[in-house]
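What follows is a short report on a single structure.
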Amino acid sequence: MKTSGKNQLVRGEIESAAEEPRVLCIVQDTTNAKTVNERLTLNLPASTTVSKLYEDVAHKAGYANGTFCLAWANTGAMHYACVTLLQDESGTADSSGLDDSSQGRFIGPLPRDGTVGCSSDYSSPSYSYSSILNKSETGYVGLVNQAMTCYLNSLLQTLFMTPEFRNALYNWEFEESEEDPVISIPYQLKRLFVLLQTSKKRAIETTDVTRSFGWDSSEAWQQHDVQELCRVMFDALEQKWKQTEQADLINQLYQGKLKDYVRCLECGYESWRIDTYLDIPLVIRPFGASQAFGSVEEALQAFIQPETLDGPNQYFCERCKKKCDARKGLRFLHFPYLLTLQLKRFDFDYTTMHRIKLNDRMTFPEELDMSPFIDVEDEKSPQTESCTDSGAENEGSCHSDQMSNDFSTDDAVDEGICLDNTSSAERVLKPKSSLTFELFSVMVHSGSAAGGHYYACIKSFSDSQWYSFNDQHVSKVSQLASVLKEYSTNAYMLMYRLKDPSRNAKFLEVEDFPEHIKRLVQREKESEEQEKRQREIERNTCKIKLFCMHPVKMMMTENKLEVHKDKTLREATEMAYKLMDLDGVVPLDCCRLVKYDEFHEYLERSYEGEEDMPMGLLLGGVKSSYMFDLLLEIRRPDQVFQPYKPGEVMVKVHVVDLKSESIAAPVSVRAYLNQTITEFKQLIAQATGLCAETMRVVLERCYNDLRLLYVPNKTLKAEGFFRSNKVFVESSDSTDHQAAFTDSVLWKLLDRHGNTIRLFVSLPELSPGSLANRTSCPKASADSEDSLDGAKGSRKSVEAILEESTEKLKNLSLQQQQHQQQSSSTSDSQKSSEHSDFEHIESPAQEPDAASQPSQTENSTRAASDTENQFPSEERSDSDVNNDRSTSSVDSDILSSSHSSDTLCNADSGPLPLANGLDSHSITSSRRSKAHKGKKETWDTAEEDSGTDSEYDENGKSKADAQYLYFKAEPYSQEDGSGEGQKCLLVHVDKRITLAAFKQNLEPFVGVPSTQFKVFRVYANNQEFESVRLNETLSSFSDDNKITIRLGRALKKGEYRVKVYQLLVNDPEPCKFLLETVFAKGMTVRQSKEELLPQLKDQCKMDISIDRFRLRKKTWKNPGTVFLDYHVYEEDINISSNWEVFLEVLEEPERMKSMSQLAVLTRRWCPAQMNLEAFREVVLESSSVEELKEKLSELSGIPLENLEFAKGRGTFPCDMSVLEIHQDLDWNPKVSTLNVWPLYICDDGAVIFYRDSTEELMELSEEERNELMKKESSRLLKTGHRVSYSPRKEKALKIYLDGGPTKDPGQD
């Protein structure tokens, strides 16, 4: 660099102007609001001087040079600067801040240090560059908000920016041998301050500090008061610093003293005591006042303003020996070096009984003169004497309860500031005129009393610049005036420091740190470098899901592979090999990594010849997530890996054997979408060894959507193949391929395979006593017995698990069968359900040829009506249930396209091993039966009762004709060991079966008819819900669902389970559960009451007559419509599953005779006694308010003109505090009818309070009111009602000195 003749700095190597770099200067005119958005652009040589820049700007903007100033603002770019134009107030060039040294300085690029050009950041009300400042420019580090710890961050930043506190903390040396550093609060604070001063991070965590407080993660979600935190933390620091040099640090910096006095106005005698304080609480708005104090000075004056004690509050004077008028007040004796003012913005509104926040404007000065507030004499008195009313000679030992903290000291009381570094005898009294404090921290709370956000605006004593510390964000505040104005409505804590050059300290620089701090800095720097290296590794690490079919576990295992992007595929394979724990199981050279799609189970491609390529290139870089996975593929030593090329599709081929009726495990084949069906068959033939000429290929496109691929020249893409596909193939010389696909045995086998689910069924324990009153299943016919004989050998396993229960049922069932044979000897249509010998219980076996057994099929179809007539309490028979079955929308589509044949197509009676493990040794299936040729049997209840449509379509054909349903059960042992004697079944069943048919298939295993047991579906957390809709299928069930069978009468069609509760209007708990019963559609209310009577007597010991109780609607806990005896369920009364109803015992005969009547519950309020009388029912003939008042007047004796009423609020019994009822209810509404606003009483059960308007409210003393409030609060909390005046409970702020709270052993 060399200096030119015009004081320009240019590079010596530049020989021509063309080679010199240029600077783009953007000038923004902020002199007024109209030009703030205007920009001037200057493209100048880098050697242009600042004085020349002023000339160019003045010429282009039209201003006179010297009447404006330019402020630099860095935009973050490398080769251009941004200049802001500001109108100069004085009109002279000197005001621009340019001296002789800066006039010749070159303009750019901008320097990044603290020199001219970026030392000051300009901000205007309409435009600010503060948002672009980062840590390197502010020089300060933020604090991370854990969740709701903004109040903690604000206080920590304030303490960090206090030189005296920070330096004292640095001078304290931690002895690790004496205390665990994890729970040492001073050590963690010191460590945090070191990080704030030396860290290169943008923000650091405070978890180590809160851990030293003894807090857990839940404390991060509790917002506390910053002033409360300051007080508690200072107390904790004092406890930790005992017996050290810092023991009195808090008192030296923050503690002040004041005098609490009472002076007699007659003799001038004064009684006083000395109190200490850490902060001064200033009232924003005085109690009962509508105007707030306008400034901190006004609030301080009010703080020391004495009050007069007169009248009943007179003071007993020790000198006068009588009660006299007196003055009581506070006087400041001396102020602390660091003065803390708390602005009490949180208050309590006694009108609404809620906490509120006061956002009134209270100004605070940058410099606060406290001399007017020290030792103020409030009046002239003839004589003043001093004494301590507590009798203590040590003035500092007396403390005020209203101050922030209690500290004791032996220092003498001075009217000024105590110098800390001198002894008591050497205290220097500071004159009042020197009590000037400068503001350096404003802690702000934005929000409401319910919650908000804290942040701090702090002045740095290093450069006198104000900064905004908002959690992790630190930015400059350009103008102090904006701080004083903007935060005057939400400033919460102010911190001032005494202006005293002899005491005002500066921050310790890094080179001046004590040795133990330097060691700490070095440790933290090494830790930070280690974290940086770890983050760098994390940024270069590929994290991807890894799958592997483990050869020993025989299951797909999943893990996460974390590999550096520079690692080769060979090294990544070795890492995956060790991660999947395959060492010693298979050789490493038998493993390779391939690209895999886990969702579609699709192998996308292999990486042949790319073993030395970096993983970063193979995976497409380091990403947070990948659209694919990796599979560690394993081969046998005698096998060769198959190459997987992009564009191939994966096909899982299942071979179907029609003879054994089995479906084999899948074989993977890879094909191309442009291959034809003929080429695809050849490919399958090579993989499976089947004959391609006779091969039938069936594609399962989605769930149970089977498509036969029969067009030879059609491509796989045209047939709907995707990345991963599933096909079934069959190749045999049978004649089945000549039949239509939907009528073929292959289709039936695949259809059954796709619709079969596995269920775990827990059976009830059976005992002879429990079965004494139960009805057994109908006797099996002779034909049925013969048909079951051949299957005895295949049912041994079922017998073993059910032997105990069936033996218990044997004698009872034989007696039942003899009775049935006598009563139905002329009938030949009984349903075959069980063998007479209960050792061979099984569901009806499927016949080999339905066409050869037409009579038996018809018998099965006609069984419903005969069985229903013989056993009216039973469910319909299996074939009738088939007629009443409905399916889901998905199944209906399948059935409409695949089950269109009306011919009987029954599977062979041989075993049917299925690919999913259903290789059963016994299969029972309800056959597809013909619909009734004659008149359709109908029911007298609506189909929507069971949640389904009619079982017949518009042509009169049964919707169940097209279904054949599979059911197989075998015993299994429960792993959870549920109790001795518990029997369980593993059931494989077609999910298109109805609940009724499913229950009938379970009859032999339960041992009772389907009408005598209930089915409960078990959900998560072992919650059980009863399945009651008999016509619904099991389509909502899935594999491995659990079912519990419980004994008890099941619901028939048109029946509903009802829970009956007793209504006790005058009991503390008005709703009491009685019993569970069954109501039926078409039943009258009186019939249901007749059925309830014996149940009430047996189960509830209630012996009442039918005319002395009523049933009424129940809506949660609210009583509603009274049901009259002639009302019919489902016609007059809507009823649903798990319905609830109130039973109310009457003291007199029923007065409700008509639906036009209205029954209301009334309660008298007696304000003179502050109590409520018992409920009494009033029956109205109309909705007239006049009639209600007349009835209440007749009931209570209150004159009609004095009677007032109000509607109760909330849930029955509309309970509320007696302290609120007199004024909170809407008494005597101006309406003529009850069914209009604001009453809206249109149904029975409304609560009406009434009172005598001439009765005066009882007068209560404050003690009586408080006592009554406690009683009412306790009473309402027991009944579960809200107490409106109860304050919100808050968790107290605690700092634990031993590292955490001690938990009570008896506490949960």
Side-chain angles (χ1 to χ4, degrees), residues 544-558 561 568-577 579-580 582 585-613 615 618-619 626-655 664-692 695 697 699-700 709 715-717 719 721-729 731 915:
I544 189 170
K545 282 185 180 181
L546 176 67
F547 294 89
C548 176
M549 177 59 71
H550 200 280
V552 176
K553 301 177 182 178
M554 293 308 296
M555 60 181 296
M556 185 69 78
T557 57
E558 178 184 348
L561 178 63
T568 63
L569 177 62
R570 194 188 313 277
E571 293 172 321
T573 304
E574 186 176 352
M575 294 174 61
Y577 175 80
L579 188 63
M580 287 300 181
L582 296 177
V585 179
V586 294
L588 177 60
D589 56 2
C590 291
C591 302
R592 70 169 180 177
L593 286 175
V594 296
K595 194 175 181 180
Y596 178 61
D597 182 355
E598 186 261 343
F599 181 78
H600 295 100
E601 297 182 359
Y602 170 58
L603 297 172
E604 294 192 16
R605 61 159 298 186
S606 54
Y607 300 102
E608 285 81 8
E610 302 180 71
E611 289 78 9
D612 296 325
M613 184 170 289
M615 291 297 292
L618 286 179
L619 301 179
Y626 292 90
M627 300 298 293
F628 56 89
D629 313 302
L630 291 179
L631 174 71
L632 186 63
E633 192 178 16
I634 302 173
R635 64 172 174 84
R636 293 195 301 270
D638 58 341
Q639 285 182 326
V640 178
F641 280 126
Q642 177 185 357
Y644 305 140
K645 299 178 181 179
E648 293 178 331
V649 294
M650 186 174 179
V651 184
K652 291 184 177 180
V653 180
H654 295 264
V655 178
V667 177
S668 295
V669 174
R670 296 181 71 85
Y672 290 96
L673 291 176
N674 58 359
Q675 282 182 326
T676 63
I677 299 300
T678 301
E679 295 171 340
F680 182 57
K681 288 183 178 181
Q682 294 292 339
L683 187 63
I684 294 177
Q686 294 176 8
T688 61
L690 299 177
C691 177
M695 183 183 297
V697 181
L699 170 66
E700 186 179 68
L709 308 180
T715 63
L716 299 185
K717 183 176 182 181
E719 290 287 3
F721 276 70
F722 192 56
R723 308 178 73 180
S724 181
N725 308 274
K726 182 178 181 182
V727 300
F728 300 91
V729 299
S731 180

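All residue numbers in this chain count up from 1 along the given sequence.
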Would you say Leu561 and Leu630 make side-chain contact, with heavy atoms under 4.5 Å? yes
Listed partners of Glu558 passing salt bridge (charged side-chain N to carboxylate O under 4.0 Å, His left out), at least two apart: Lys545
What residues form a ring pair (Phe, Tyr, Trp, His ring centres under 6.0 Å) with His600, not counting sequence neighbours? Phe722
State the CD-CD distance between Gln682 and Glu679, to the nearest 0.5 angstrom. 9.0 Å
So, using ring pair (Phe, Tyr, Trp, His ring centres under 6.0 Å) as the criterion, who are the partners of Tyr577 when residues are at least two apart? none
Where Pro666 and Lys652 come nearest, the two heavy atoms and their spacing: CB-CB, 4.0 Å
Shortest non-hydrogen pair, Arg670 vs Leu603, comes out as NH1-O, 2.6 Å
Could you tell me the separation between the CG atom of Leu709 and the OG1 atom of Thr676, rounded to the nearest 0.5 Å? 11.5 Å
Answer yes or no: is there a side-chain heavy-atom contact under 4.5 Å between Met580 and Phe547? no
Quick one: salt bridge (charged side-chain N to carboxylate O under 4.0 Å, His left out) partners of Lys726, sequence neighbours excluded? Glu700
Of all heavy-atom pairs linking Ala664 and His654, the shortest is O-ND1, 3.1 Å
Assess the side chains of Tyr596 and Glu604: does a donor N or O sit below 3.5 Å from an acceptor N or O? no
Note, Met615 side chain near Leu569 side chain (heavy atom, < 4.5 Å): yes
Would you give the length of the straight line joining atom CG of Asp629 to atom OH of Tyr602, rounded to the nearest 0.5 angstrom? 14.0 Å
Exam field: side chain Arg605 to backbone Gly647, donor-acceptor pair closer than 3.5 Å: no
Approximate separation, where rounding is to 0.5 Å, of Tyr607 OH and Thr573 OG1: 10.5 Å
In this structure, CG of Asn674 is separated from CZ of Phe721 (nearest 0.5 Å) by 13.0 Å
Working to the nearest 0.5 angstrom, can you tell me the gap between Leu716 CG and Leu699 CG? 9.0 Å
Can you name the closest pair of heavy atoms from Met695 and Ala685 and give their distance? CE-N, 4.1 Å
Distance-minimising heavy-atom pair for Ser731 and Leu690: CB-CB, 4.0 Å
Could you tell me whether the side chain of Val669 reaches within less than 4.5 Å of the side chain of Thr688, counting heavy atoms only? no
So do Lys553 and Val585 actually touch side chain to side chain, heavy atoms under 4.5 Å? no
Under 3.5 Å donor-acceptor pairs involving side-chain atoms of residues 636-645, not counting sequence neighbours:
unit_1	atom_1	unit_2	atom_2	d
Gln639	OE1	Arg636	N	3.1
Tyr644	OH	Glu633	OE2	2.5

Close side-chain approach of Ile634 to Leu582, heavy-atom, < 4.5 Å: yes
Are any of the side-chain heavy atoms of Met627 and Asp597 separated by less than 4.5 Å? no
Is Asp612 close to Arg570 at the side-chain level, that is, under 4.5 Å between some pair of heavy atoms? yes
State which residues pass ring pair (Phe, Tyr, Trp, His ring centres under 6.0 Å) with Tyr626; sequence neighbours excluded, sorted by chain then number. Phe628
Applying side-chain contact (heavy atoms from CB on, under 4.5 Å), run through Val655 and Val667 and close with a yes or a no. CA-CA 8 Å; Val655 178; Val667 177; 5.6 Å; no
Heavy-atom closest pair (Cys548 atom, Leu632 atom, distance to 0.1 Å) is SG-O, 3.6 Å
